[in-house]
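Accompanying notes for the structure given below.
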Amino acid sequence: MRIAFRRANPVLLGIAVLIIGCHHQPPKLLAERLPEEHCWWAVMRSPMPLDSVAESFARSFRSVGLTGVSSKRIADSVWVSAGPTFLAQRGGGTYASRFVGYWDGTNTHFRQFVSFVASPGDTIRDGRTIPFCGATAGATGVIAVIPHEPTGEESLPLWTRIPGDAK
């Protein structure tokens, strides 16, 4: 069998190069890892389905101005990440946040994490993460409960795992 090659049309070749060169990769979950802390000491529980809770956090992250919101599902767990984003409306500084949750058969168990890096020359470096956590959690509309005492679930490796990391 003989394959015949013709001279390529320069216009089609140019379009092909543009299409291939402009192909965007899907967003990564928190490409830049910032120092992070949990928003609440315990794992929260909600009777709402996992996908509903995760989507509520994604909408909440967008509503407070975080960009780059993305999510990833692996088996019964979901990660939603947003940022890092400079937020002038929150007094400046760079914020990022993520939600991690899983369905246990009766409830969604979840945690939220936040990162904050003050702007150079910023004299207020502390006290911004808890109000940010409150604003994002409040914007979700998710009804949840927190156990009165630690259950040990707070130390699960699930909470610190980032899908796509080489760990």
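As the structure is a computational prediction, the values presented were derived from the model and not from experiment.
Annotation: I146, atom CD1; neighbour count of heavy atoms from other residues, nucleotides and ligands within 6.0 Å is above 12.
One N or O on the side chain of R128 and one on the backbone of G92 form a donor-acceptor pair closer than 3.5 Å. When atom types are taken as modelled, the side chain of R111 and the backbone of E154 share a donor-acceptor pair closer than 3.5 angstrom. In this structure, the side chain of T140 does not engage the main chain of S60 through any donor-acceptor pair within 3.5 Å. Between the T67 side chain and the G83 main chain, no donor and acceptor come within less than 3.5 Å of each other. Looking at S46, its side chain does come within 3.5 Å of a backbone N or O of I143 through a donor-acceptor pair.
Between V64 and Y95 the shortest side-chain heavy-atom distance does not fall below 4.5 Å. Inter-residue side-chain proximity for F110 and M48 is flagged as unmet; no heavy-atom pair is nearer than 4.5 Å. Side-chain contact check for V114 versus Q112: every heavy-atom pair is 4.5 Å or farther apart. Counting heavy atoms from C-beta outward, F132 and C39 have side chains that stay 4.5 Å or more apart. Inter-residue side-chain proximity for C133 and H38 is flagged as unmet; no heavy-atom pair is nearer than 4.5 Å. Between D104 and D76, the closest side-chain pair of non-hydrogen atoms is not below 4.5 Å. Between F99 and V53, some side-chain heavy-atom pair lies under the 4.5 Å cut-off. Side-chain contact between R73 and L50: present, with at least one pair of heavy atoms (C-beta onward) separated by less than 4.5 Å.
In terms of heavy-atom proximity, S119 sits nearest to G93 at OG-N, 3.1 Å. The two residues A137 and W40 have their closest heavy-atom pair at CB-CZ2, 4.2 Å. Closest approach of S56 and V142 over heavy atoms only: CB-CG2, 3.7 Å.
In this structure, the separation between CD1 on I162 and CH2 on W79 is 9.0 Å, given to the nearest 0.5 Å. Within the model, atoms CZ of F57 and OG of S52 stand 12.5 Å from one another, a figure rounded to the nearest 0.5 Å. Here the straight-line distance linking atom NZ of K72 with atom OG of S77 works out to 12.5 Å at 0.5 Å rounding. Atoms CZ and CG, on R90 and L66 in that order, are 9.0 Å from each other to the nearest 0.5 Å.
The hydrophobic cluster containing I74 also contains L158, counting ILVMFWY residues as joined when their side-chain heavy atoms lie under 4.5 angstrom apart, directly or transitively. Side-chain heavy atoms closer than 4.5 Å link hydrophobic residues (I, L, V, M, F, W, Y) into clusters, and following such links, possibly through other members, connects L156 to V100.
Exactly one of W159, Y102, W103 qualifies for a ring-ring contact (aromatic ring centres under 6.0 Å, His included) with H109. That residue is Y102.
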